[in-house]
Amino acid sequence: MSYGSISKEAHECMAIAMNRINAKSNTGEGGEERERFKLDANGDNRCSKIKQVASGRFGVTIEYLTNAVEIQIKMAQGAKPGEGGQLPGAKVFPWIAKARHSTPGVSLISPPPHHDIYSIEDLAQLIYDLKNANRNARISVKLVSEAGVGTIASGVVKAGANTILISGYDGGTGASPRTSINNAGTPWEIGLSETHQTLVMNNLRDRIRLETDGKLLTGKDLAVAICLGAEEFGFATGPLIAMGCIMMRVCNLNTCPVGVATQDEKLRAKFKGKPEYVINFMYFIAQNLREYMAKLGFKTIDEMVGHTELIKVKKEFKDRIDATKILYNPKVVNRTDNKFKEYKYHNLETTLDYRVLLPLCQEAIYQQKPKTMDLEISNVNRSFGTILSNEITKIYGQDGLKEDTIKIHATGNAGNSFGAFLTRGVTLDVTGDANDYLGKGLCGGKIIIKPSKKATFDYATNKICGNVALYGATSGECYLEGIAGERFLVRNSGANVVSLGCGQHGCEYMTGGTALILGDIGRNFAAGMSGGVAYVYGRHNITNVNLELVSILDLDDEDIAVVKNLLKKHISYTDSKIANKILSDFNESNFFKVLPNDYAKIMSLIKDFEKANSKDPLMDAFTKAMEVK
């Protein structure tokens, strides 16, 4: 249940309840408020142990990941497989926008796919990134129950995940479009059975935990799930009802009459749920399961996993239902191969971060003493700087260190996800080039990529980094003396970036931050862009802009100051001849500004309320914008 889909009170009630009984609540894809990372005065913990990483990457910062016990990659949702999501502007209240690093009142779009996952190898890279971001967290992958999910699950195991969640079609339907519900996935029983059987037959079952969800409501549901191969279980509908949900199915309209799935303050006041209600529900489920286990003669769940012979089809259905394939039990030499038994590690002690950066940066991390170093890198050095950022975040949170406390001058070819989730105070200055996913989830750090001074090629016509650079960046800076690949700055929500050009789909789904492009842009620029600002050099580029959500504007005095400041920074970091010439012969008419329409309206309202000395300009602007709509 994402933070934004249900109310703040309901979300926190669920987290407190799960933490009290040593279970795990899930943030959903909406991020989580920083205040929840600390214990309450009475000892309650409102921090969700499972932090979800979905296609929108909302709120996915290094601090968010550092505070996880489990990190879940949401590939799809049972109620709407193959689709993304959308949070209407009317539900993006200021506190939701803060958690998601977006703008109040502006609709948020989650892309259908993760733009850094187009193969199992890409998934393996994201799992590796997240493992670097939090070495103690389990990595879970959420899949939908559908035909062929067993084959996909096999790839997920080989990609290094610790848990696979098989999500059934009957869960999470409250906020899904009606067209999605009617074309959803399959029951969790079918997908779970196929996954368990496939993993057993390929000698992979002992390497992974299997979880399932999709309207599990009774101990009998859990008993059946265990026999089909599950070891862990997810609940949403049951606990929501325990908190007061009456299943009106208007979650997307912000009109929930019992305050469960709404951000409206008047409706939220009607929320009557308590952690104790959820805890009672979970205890009843556990007691009910224990009764079934006792009848079947099992003391532990591990003993019971995979015993499909215990499930029988009722007599009245035998002629109409053939459950042979669902209840098939692969023959194995050793029954322990039917369940998880071994935790797989990722050999993170071999990384440059672990072997070199951490030992050399001890004084910088613990005493905040400046540190500068020179390193040679190659494309095998993936997720460089991520473990270092995690260690800094453990101490200082998202505030990190002072700017340039740790400066790393690297020479060579930067590997995939170079600078992923890089925190404040760390600067990566590369002479060379970079592969895909540069600066993924950038969190306040600074990345500079420039060619060698000995290079003879034309910087303005050559790629300096791969595809999907700065995906999900929330803050920080990046200066690229060359062209970025496709899907540059997808879902950027706060980083300030300069490049000499970019491929197709630049600034896609962007919600914040500033982009300055000093050359050609590919087609479909700014598709789904709902926030932030992009400045592009060269009026001929206008034909490549997707104008569905944005407008093309000339630069005003404030824009000119921003562009000149970014040009000066780019020159100081990269010694760019191209940027130097543009600044020397500066002519604002050569630039155009790409500004999202709804974002422009809400930002104008915020400025008006700030000038009027409003006590809460964000909330006042949001309220005014919703009145106009």
Side-chain angles (χ1 to χ4, degrees), residues 2-9 11 30-35 56 58-59 61 85-110 251-256 259 261-269 398 473-475 491-496 507 509-515 526 528-535 547-559 561-562 593-629:
S2 69
Y3 188 52
S5 296
I6 64 174
S7 69
K8 181 177 180 179
E9 290 78 6
H11 208 278
E32 190 170 47
E33 290 180 309
R34 298 185 63 218
E35 293 76 13
F58 294 116
T61 66
Q86 183 170 3
L87 189 68
K91 293 191 74 173
V92 187
F93 279 69
W95 52 90
I96 301 299
K98 180 183 176 184
R100 294 192 175 206
H101 294 263
S102 63
T103 308
V106 178
S107 297
L108 296 174
I109 303 169
S110 296
C251 312
N252 59 314
L253 300 179
N254 203 35
T255 58
C256 176
T262 178
Q263 300 302 327
D264 186 293
E265 291 185 340
K266 292 181 180 178
L267 294 174
R268 283 167 53 200
Q398 76 168 14
T474 55
S475 58
R491 270 293 297 118
N492 175 37
S493 60
N496 297 324
C507 294
Y509 301 110
M510 183 165 151
T511 62
T514 305
M529 181 179 175
S530 60
V533 183
Y535 301 101
L547 295 173
E548 185 176 358
L549 298 179
V550 303
S551 294
I552 303 297
L553 304 172
D554 293 327
L555 274 59
D556 58 25
D557 291 341
E558 186 176 334
D559 295 324
V562 170
K593 175 182 178 180
V594 180
L595 188 66
N597 300 323
D598 288 347
Y599 175 78
K601 292 174 185 176
I602 199 78
M603 293 305 292
S604 176
L605 286 172
I606 291 172
K607 285 183 179 179
D608 290 343
F609 280 107
E610 285 176 342
K611 288 179 181 177
N613 294 319
S614 165
K615 290 183 179 179
D616 192 349
L618 286 179
M619 189 64 197
D620 290 340
F622 171 80
T623 304
K624 184 71 174 177
M626 294 307 104
E627 286 176 0
V628 172
K629 284 189 176 183

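Note that the numbering runs from 1 along the sequence shown for the chain.
Side-chain contact check for Asn597 versus Ser551: some heavy-atom pair is nearer than 4.5 Å. At a threshold of 4.5 Å between non-hydrogen side-chain atoms, the residues Ile552 and Val594 count as touching. When side chains are defined from C-beta on, Val106 does not count as touching Thr511, because their heavy atoms never get closer than 4.5 Å. The shortest distance between side-chain heavy atoms of His101 and Thr61 falls below 4.5 Å.
Without hydrogens or angle criteria, Asn492 side chain to Gly512 main chain gives a donor-acceptor distance under 3.5 Å. The main-chain N or O of Gln263 is found under 3.5 Å from a side-chain atom of Asn254 such that the two form a donor-acceptor pair. Formation of a donor-acceptor pair under 3.5 Å by the Ser493 side chain with backbone atoms of Ala473 is found in this model. In terms of modelled atom types and a separation under 3.5 Å, the side chain of Lys91 and the main chain of Cys251 share a donor-acceptor contact.
In terms of the ring pair (Phe, Tyr, Trp, His ring centres under 6.0 Å) criterion, residue partners of Phe622 (sequence neighbours excluded) are, by chain and number, Phe93. Qualifying salt bridge (charged side-chain N to carboxylate O under 4.0 Å, His left out) partners for Lys593, counting only residues two or more places apart in sequence or in other chains: Asp559.
Of all the heavy atoms in Gly89 and Ser107, the pair that sits closest is N-OG, 2.9 Å. The minimum heavy-atom distance linking Ile109 with Gly528 is given by the pair CD1-O, 4.3 Å. Nearest heavy-atom pair across Ala261 and Cys256 is N-SG, 3.4 Å. Taking both residues in full, the closest heavy atoms of Gly259 and Ser7 are given as O-OG, 2.9 Å, listed atom of the first, atom of the second, then distance. For the residue pair Gly532 and Pro596, the shortest heavy atom distance occurs at O-CD, 3.2 Å. A pairwise comparison of heavy atoms in Leu595 and Ala600 identifies CD2-CB, 3.5 Å as the closest pair.
Atoms CG and OG, on Asp598 and Ser530 in that order, are 8.5 Å from each other to the nearest 0.5 Å. Atom CD in Glu33 sits 10.0 Å away from atom NE2 in His11 (nearest 0.5 Å). Here the CG-CE distance, from Leu547 to Met529, works out to 12.0 Å after rounding to the nearest 0.5 Å. Atoms CD and OG1, on Glu265 and Thr623 in that order, are 8.0 Å from each other to the nearest 0.5 Å.
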Distance-only check: which donor-acceptor pairs under 3.5 Å involve side-chain atoms of residues 602-613, not counting sequence neighbours?
none

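Within a 6.0 Å sphere centred on CG of Asp557, other residues, nucleotides and ligands contribute 12 heavy atoms or fewer.
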